[in-house]
Amino acid sequence: MKEKFLASAEKFAKAMVQPLMYLSVAGMILIFGVLLTNATVTQFLPFLKWTPIQLVGKLIYECIMILVNNLGIIFCIGIAAALAKKEKHQASIIAFMSYLMFLKANNITLKTFEMLKTPSEMLGLIGTGQASVLGIQVSDMGVFSGIIIGCLVGYVFNKSCDSKFKGYWAMYSGTRFSFILMILVSLALGVMVTFVWPVVAQGIQALTVVIKNSGNFGLFIYGFLERLLIPTGLHHLVYVPFQFTDIGGVMQVGEQTLAGAYAITIAEFGNPAVTKFSDTIYYMATGFTKTFGYIGIALAFYKTAFKENKQSVKALLMPLAITACLSGVTEPFDFLFIFAAPVLYLIHSAIAGLFIVLLKVFNVTSMLGGGIITITLNNLIAGVQKTNWPVMFILGLIQIAVYFVLFSFIIKKFNLKTPGREEVSSDSKGNKIGNRVGAREALAIINGLGGKENIVNVTNCFTRLRVDVKDLSLLNEEEINKCRNSGIVKRGNNVQIIFGIEVPEVRKEVEDVLLTL
């Protein structure tokens, strides 16, 4: 039972990796868009306001952010394709159609039972428990909906894509039968979510009252849940009431009544008579860990990665950490370990909550949000007396150190499978791939795996070629080692050959040769 569970967990983690490889590249490009469009940066570098530069910046930023804002469908298609054992392109198409049907089924059910929320002028649907996905108003499940549907498509597709019917019904055989099944599954899931998800959301909303009345412990829970609930989309229900409603505080400015931490913070920032930000600003401190903490996480992942994987891990982590620090966009980084090492994500959420409390304990009322550049400039403008910003940076450095030391210890102690920590078998020759893999080398790999007939599925993660085989006894490692690699790992009927960052090219070459055999 344990082996079966671990095999399933590894298969799921492997499927999650596929879209993440693209998100790391997107994060690197997003950095340039952030720098070109950041209002604080353009204020100090006026030449960046030139229309052609702003056009380029907006194109980069908004075109990449549309990917971040639609991670659900990206995970849905990527997971379905990764889990499908054959005809992956068909599984991808079915996943996309299933996701659209799920969204529409949920939307129609919400309309039918008059459950659609009205968007507010300032926040739209944020904080209502609903969201607009691909222009369709649905229950806000974050990326969870895409992950669930992607897994369902992968499972259903593998079970049904080889089905055969006779006579008139023959046209509904194979992948078309898989599609029929997913129509039923998608519609049923869309209807079910309409009634199940609001119950979960109401429970989260009820916690806001407890958080408000629990002092520092409430602040800890606030920061903890804001991080922990990111994959579900329910984190909006934690921070929005505090930042944009009277739960986060009320202030009278002239004849105008301001409600929520966001409005109060903006008003106090622009009022020179205010010598210290009020305590409501701590509900705006969710940006603290985004700015500092992810640097420590990245350093821990790099430190604990195996030597042969360090370069590829560095290339993966650097753009994601810089993106989090500069813009506060953390989702691509979060999904690197939220499923692969959930205990780390739980600890990560706890540290985020703890440091919001420490900001209050040390009387730090700094403005936090928008990334390190915006934070630095805004706090310099506001002044030390108003923000106590030097202590904020000291706490930031401490947080980086805490993440680095604690994560490094836990990863090594429990041998967690964070990026770059894939085990090398005792059969490893210690070699690293140095030459391009051509058709001859790919054929050696195929022969070493028992030939085309023995190969069930070929995929890859960041550094490994992963192959499911029918009969492990047909494995010929001497033949595989004709193509230089850094080790061979066997787990059940899954064979993993370590090539490093060049593995996508190796996989493509192997697949091309398989098509010719």
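Note that the structure is predicted; figures quoted are calculated from it, not measured. All values below come from the heavy atoms of this structure, side chains included, with hydrogens, waters and symmetry mates left out.
The environment of K88 atom NZ is dense: over 12 non-hydrogen atoms of other residues, nucleotides or ligands sit within 6.0 angstrom. No more than 12 heavy atoms of other residues, nucleotides or ligands lie within 6.0 Å of NZ in K508, so this atom counts as exposed by the packing criterion. Residue-environment remark: CZ (F393) exceeds the threshold of 12 foreign heavy atoms within 6.0 Å.
The closest donor-acceptor contact from the side chain of Q54 to the backbone of L36 lies under 3.5 Å. Q399 places no side-chain N or O within 3.5 Å of a backbone atom of A352 that could act as its donor or acceptor partner. Without hydrogens or angle criteria, N379 side chain to S366 main chain gives no donor-acceptor distance under 3.5 Å. In this structure, the side chain of N460 does not engage the main chain of L465 through any donor-acceptor pair within 3.5 Å. Between the side chain of K310 and the backbone N or O of Y302 there is at least one donor-acceptor pair closer than 3.5 Å.
The shortest distance between side-chain heavy atoms of V238 and L207 does not fall below 4.5 Å.
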Side chain to side chain contact (heavy atoms under 4.5 Å, CB included), that's the test. Do L395 and F288 meet it? Break it down for me. CA-CA 9 Å; L395 286 175; F288 182 82; 3.9 Å; yes

Practice task
For the pair F301 and R421, evaluate side chain to side chain contact (heavy atoms under 4.5 Å, CB included) and give the outcome as yes or no after the intermediate values.
Solution key: CA-CA 9 Å; F301 286 174; R421 285 190 59 80; over 6 Å; no

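Aromatic ring orientation, W197 versus F144: tilted (interplanar angle from 30° to 60°).
Aromatic rings from Y282 and Y222 are positioned such that their centres are separated by 6.0 Å or more.
Atoms CD1 and OG1, from I375 and T387 in turn, are 11.5 Å apart once rounded to the nearest 0.5 Å.
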